[in-house]
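Below is one structure, written out as structure tokens; comments come after it.
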Amino acid sequence: MDLQTFLQQFVNALSLGSLYALIAIGYTMVYGILRLINFAHGDVFMIGGYLAFYGVSTFLMPWWLAVCLAIVVTTVFGVGLERVAYRPLRDSPRISIMISAIGASFLIENLAIVLFDARPKAFPVSNLFAGNHVIGGVHIAAVSLIIPVVTAVLLAVLLWIVHRTKTGMAMRAVSTDIDAARLMAIDVNRIVSITFAIGSALAAIGGILWALKYPRLEPLMGIMPGLKCFIAAVVGGIGSIAGAVLGGLLLGLIELMTIAVLPELTGYKDAFAFVLLIMVLLVKPTGLLGKNQGEKV
Amino acid sequence: MLSIKNLSVHYGGIHALRGISLDVPAGKIVTLVGANGAGKSTTLNSIMGLVKAGGGSVCWNGEEILGSPTKAIVESGIVLVPEGRRIFPNLTVDENLSLGAYARTNKDEVEADRERVFGLFPRLKERHKQKAGTFSGGEQQMLAVGRALMSKPKVLMMDEPSLGLAPLFVGMIFDIIRQINAAGVTVLLVEQNAKAALEVADTGYVMETGTIIFSGNGKDLLVDDRVRKAYLGEA
Amino acid sequence: MNTLQKKPMSRDAMLTLGAAVIGLVLLFVFDSTFDRFTMQIFKLCAINIILALSLNLINGFTGLFSLGHAGFMAVGAYTCALLAMTPDQKATNFVLQPIAPWLLDLHLPFLPALLVSGLIAGFIGWFLGVVALRLRDDYLAIATLGFSEIIRVVLTNTQSITNGSLGLKGIPRYTTMWWAWGSAVVITLFLVLLIKSSYGRAFKSIRDNEIAAESMGVDVFGMKVLSFTISSFLAGIAGGLLAHYLTTIDPKQFIFLKTFDILLIVVLGGVGSITGSIVAAIVVTISMEALRFLDGPLNLGFMVTNGVPGLRMVFFSALLMVVVIFRQQGLMGTSEFSWDSLSRIGLLPKRGPKSGKGGE
Amino acid sequence: MSSLLQTIEVNKQFGGLSAVTALNMDVQPGEIVGLIGPNGAGKTTSFNLITGVYKPTSGKVMFDGKDITGMKPHAITHLGVARTFQNIRLFKEMSVLENVLVAQHMRMGTNLLEATLRLPSYMKKERHVHERARALLDEVGLSAHEGNKATSLPYGKQRRLEIARALATEPKLLFLDEPAAGMNPQESVELMDFILKIRDQFKLTIVLIEHHMQVVMGVCKRMYVLDYGVTIAHGTPEEIQKNPKVIEAYLGVE
Amino acid sequence: SKPATDSDVIKIGVFEPLTGANGAGGADEYDGIKLANKLFPEILGKKVQLVAVDNKSDKVEAANAATVLAQKEKVNAVIGSWGSSLSMSGGPIFAEAKIPAVAVSATNPAVTKGNEYYFRVCFLDPFQGVVGATYAFNTLKAKKVAIIREVSNDYSVGLAKFFADEFVKLTGDQGAIVATSDYNTGDQDFSAQLTNIKKFEPDAIFAPGNYTESALIIKQARALGINAQFIGGDTWDMAAFLEVGGPAVEGAVFSTFFANDVPINKTSESFLKSFRDEYKKEPSAVSALGYDAYLVILDAIKRANSAEPQKIRDALTQTKDFEGSAGAITINAERNADKAAVFKTVKDGKFAFLTTVKPQ
Ligand SMILES: Nc1ncnc2c1ncn2[C@@H]1O[C@H](COP(=O)(O)OP(=O)(O)OP(=O)(O)O)[C@@H](O)[C@H]1O
Ligand SMILES: Nc1ncnc2c1ncn2[C@@H]1O[C@H](COP(=O)(O)OP(=O)(O)OP(=O)(O)O)[C@@H](O)[C@H]1O
Ligand SMILES: [Mg+2]
Ligand SMILES: [Mg+2]
């Protein structure tokens, strides 16, 4: 592989990886606090994309307004989802909550099929993001430049919220010990709602950026990205925000660089994420940056 | 005053509290002693609303608080130092203390209280930036008590504060209980260490398998034969 | 069955035998009177029963969170189809890339093919189990899901063995009513006996408290692997039956979402209840068909709607959520059908045999 | 007589915490040995180290002349070591009888085939373990509850079920972690008699953790005292009661 | 219910994926069928009723849906399904029930092969692959071609193979296919594959696959500075291909069934007009074919002077030079339509007719 091809592949991988990272953060926040694999996260992501689409193409809003509204509505949707599908099960066995998440995911997908139609829609990409840059023979789409920046900014904002604000402190408290958090007069439901709000907003942003990069919407578009980003979060160490970013980048790199180096494996690309996952888990069962929580006997 | 009537709790098939009644007069120290699994922690947890009671009532200054959310109970001035400390190990000492004052809005008062806690436990001040999980058991217990004091309690309930503490610390904890009480805070104390507990208490209740079997003045109970035999390990 | 009959006949054994005979007669009656459609659904019920039971063994009885079932089904389906198809049938399938020569002439009758597909799925299950069962909870769940997807991707890409994405078609329709229900009954019986045996108790002890189980002398890891292997074996059998029921298979249909479908049945029936899995498998399979009218034009009395394709699935998933939220333990919880429970509610003499399959 | 159990310089660290330091225990067959010390002294951890739940950071555990260091718990149980748990660990969803039956699985020596096919060979063993399980439940006074769910039992009875379950594994050496916890004084006295009885009846050697001094002093011939993971004393009850270090760290000044 | 032949209505089953991954294609075909039914609602004095079942893009569901049509609804004939593998899932069921089925756009040879009851009104993949390669070689003068195929899609894998074989034959150069890359259904990032292809500087890239993935591929290729000519198949003939691809797909060429800017006969004209009136949008090729499939069945019923399934089937085999909206249809001995392929390109954001290629 010549240097230019390598650089091109590397840029491709970083661009995909930072998108994975962005979505994985939302996953990891929700999981970190509730220990819930939110299988519906990918569907919330899909809703974000569609809302922005309808904002621009049906209601003819300017794109920035459509994006903001889409994020807000998706956030409300995510908070509502937690209320309806997860809160009643907070003290139930894990499998019940997970089934509820799967059920919610099915419901959202099927509703989307009925409401939005199963046929893919083309996402209207504003000219602002449609450009393309060539730097030293390496082609970089404008969105691919924006995504890592957005991811980095959001990462900083999140780290600030979680580590520097009172609410963030409460989130960390809830995630270690719900009952002890209650004893601190923390309104656990509110904190969980806020977490879901942040997670859903991130999903919406992820969905919109995804649609800008791959301008096609369909009701089932969230399933695979959702699963892969969850894997990214697990690989990085679930519950760790930095881990999610690391996992996302790593996944993007592995997926694309493996193909770059071994083109005959392209057909197996969908399996790379899982192979990475299993290898990491076997070596470090709690993920790269995860903390060990053994059971005291 | 805190008054508990006929409180009853089930965990699935286990009848953990079988209708217990006790009074905690304002400004006093009341202690609850009894064997492992007698239901002492359950009593405290159900007062705090962490465990759902099956029946009975908990009145605080004439108001029924049973069934209120934990948040409201803490804000009304009842605070629990839970069994096993339950500090937040990934958070620093400062953050743990701030969480204790989570519901309070007056920053100056909170800072003043933080200084007061540091005065009580200079050890915490030395290490205020350290993650609490790296503390020794005794230090963690100080933090748990300090954290509770940060919420400016009117009633401080402590669940086995001497658990896992070196005898030296045990003595110190009981001194602090006296100090806190002297500052006007009502204390409800649950202890395995019945001897020390009864020594500081105004009133003692003895629990056994979900019921209160007898009660009385702390000093009287200390010399009570039944107590000596069953809980003080004296023949 | 034999060993059961050797014992002196207790009331329950006689009732069970009676139920079995009535069941057999009914099956025969159904087979000769039902139309093809009803039979088709009826057969699918049996296959779903096997799938639900095998997943319940691992998730419900051994307490291991496994989401890899679709993969083991796929292995079973491919193995069985490739073994039971004649060389001619195979050759016509592999139009793009010829089938591997060693596989072409490998041909077995249905029963041995079915058993081999179970064995191969079981073997793969054993191997993956040894690797993955060191993980717990969610980590195990996501790793097993990963294995199932890896299996699917491999099936897609090994064209000279599986015919890749073209899949296999023209698989002989061997899965008759007798094969489907016969297997379901034998497997149910096997699982009931297994769960009631000392091994079943060991599985349940792992679910209830792993550390205590280990300390009571239960080889926890070995037992987990055993349970995982048996579960994979049964999933493989179900896959084989499915292949010869559909007569055409391809890798796409074994995507991980398939596992979720089965998991839903298990949870609806009650995690850890054989009866529950059976009842739920039948109810879900039938209601998926019965709700089909929702996709077509609806006559609501006051108005007729246009057909809304997908409404059925919306309704179904909403129903599922309602059950999960309001009846978390599923239909049966962890309880099982027993003759005693029938006589307790005074229903015994009138009871039909269908539910009698539940948990003799 | 050779020791049944010997721990040689066993250490255990959790991260930076030294939970057990240089544990040197020596238990002779037929003895009842006590292990006492303040909360968090490392008593339960010592049990966990010997029964294989935790692996020692360093040191050696010898049982019946064999090195069992680092073996899996079920293998150690197989050799004849059984235990109860401080925080009760019953099989919650299973019946009282089943709890005891599970503990005999290992000794049944069946294979999957004969068990599921219910071959006569298996049915014979099955009848045998049922009889034994019922006898054990009778022994601990739980016969009336055999069909109930384990968790439906009151606390004290759950403890007795744990003991019955441990006995079902046919141990030579039995570890009891705070068996009197949650028992009232009357029950505690009965427990003392029960411990002595099973020791004789099942030819057991017993190691006992207990805060209830009356029980410990009553049944133990010898005891070890731990504090912060370190063995601060060992000897007969009389010696221990007089030991100033023990009084300071544990018993308190009367 | 009574057999449909005796009653006043003739039932035609619509066997399509209305939800799931193939939902879009199924819906487009259904549009054409509905239109035909609206325009031609009667034959032999009887009303023709469409009975639509959703096969959910899923093989198991497809088998069930086919059984519903054949056994429960007892339809006289069937139209569908989009997606060859789904058609294959229903095929044996229709054959056993002796009900004729007419595939609209299922181009896989295996659909009709060996199934006496399956017909189709479109051409086949081998033909499409051959004309694609011929076009690339003769018209585009391409010497080096790269292929990027959807490995989990049988259509794509098949077409790629037929194209490659023919292209190698035409150029006489074993290395004429410079690279073959794979991706999976639903993939959205193809940058790694495309970057690999870029190294070989191919004259053209053949990318058979679903229109959305294909549009994204072309878009990403352009963004990576790949200027090679893109060639595709009939699946690109969808409005969404243009929408998703935007300016990037300008100049891409593909073979398809029908060109709506150049009506070939009277039927096309009337179809185009009614379709635009009815749906206020441009028809896709499969809508035209769906329309034709319906008409072909009606024609067969007329010629048979009976709606009995067996008679319809026999009449279908005799279909000759039937003027469909997408060209004349003659059903050959393999029950396939001998039809010409149309080449289209994208010009100014619209599809534009290039040429017609007749079968040899
Ligand atoms: N979450 C729970 N689920 C089920 N049972 C419980 C639970 N918590 C406590 N119990 C049971 O309730 C009874 C009372 O327990 P509780 O913790 O109140 O006792 P305690 O007096 O505080 O004992 P200790 O001295 O060990 O702290 C015990 O039998 C215990 O096993
Ligand atoms: N899995 C673990 N991880 C980390 N620390 C542990 C673990 N298990 C035990 N410890 C620590 O080891 C020390 C000894 O604990 P252990 O349970 O052995 O005490 P104990 O003597 O049994 O006390 P008690 O009388 O309260 O039961 C404690 O500080 C405990 O927190
Ligand atoms: Mg307690
Ligand atoms: Mg202990």
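Lettering of chains follows the sequences in order, A, B, ..., and the numbering in each one begins at 1. Keep in mind that the numbers below use all heavy atoms, side chains included, and drop hydrogens, waters and symmetry copies.
Contacts between Phe162(E) and chain C at a heavy-atom distance below 4.5 Å involve the side chain alone, from C-beta outward. For a residue to count as touching a neighbouring chain, one of its non-hydrogen atoms must lie under 4.5 Å from one of that chain's; by this rule Ile249(C) touches chain E with the backbone only. Heavy-atom distances place no part of Leu69(E) under 4.5 Å from chain C, backbone and side chain included. Glu96(E) touches chain C through its side chain: at least one heavy atom from C-beta onward sits under 4.5 Å away, while N, CA, C and O do not. For Met288(C), the part sitting under 4.5 Å from any heavy atom of chain E is the side chain, from C-beta outward, and nothing else. For chain C, the nearby parts of Ala65(E) are the backbone and the side chain; heavy atoms of each come within less than 4.5 Å. Only the side chain of Asn157(C) has a heavy atom closer than 4.5 Å to any heavy atom of chain E.
With hydrogens and angles disregarded, a donor-acceptor distance shorter than 3.5 Å links the side chain of Lys169(C) to the backbone of Ala110(E). Proximity of a side-chain donor or acceptor of Thr156(C) to a complementary backbone N or O of Ser152(E) within less than 3.5 Å is not detected.
The OG atom of Ser57(E) lies 8.5 Å from the NZ atom of Lys252(C); values are rounded to the nearest 0.5 Å. Atom CD of Gln71(E) sits about 8.5 Å away from atom CD of Gln40(C), to the nearest 0.5 Å. For the atom pair CG of Leu166(C) and CE of Met88(E), the computed distance is 7.0 Å after rounding to the nearest 0.5 Å.
The shortest distance between side-chain heavy atoms of Val157(E) and Gln159(C) falls below 4.5 Å. Annotation: side chain of Asp250(C) is not in contact with side chain of Asp154(E) (no heavy-atom distance under 4.5 Å). Two residues are said to be in side-chain contact when any heavy atoms from C-beta on lie closer than 4.5 Å; Arg173(C) and Ile93(E) meet this criterion.
When the candidates Gln253(C), Arg152(C), Met39(C) are compared by the number of heavy-atom contacts under 4.5 Å with chain E, Gln253(C) comes out ahead.
Remark: Lys38(E) NZ is loosely packed, at most 12 non-hydrogen atoms of other residues, nucleotides or ligands lying under 6.0 Å away.
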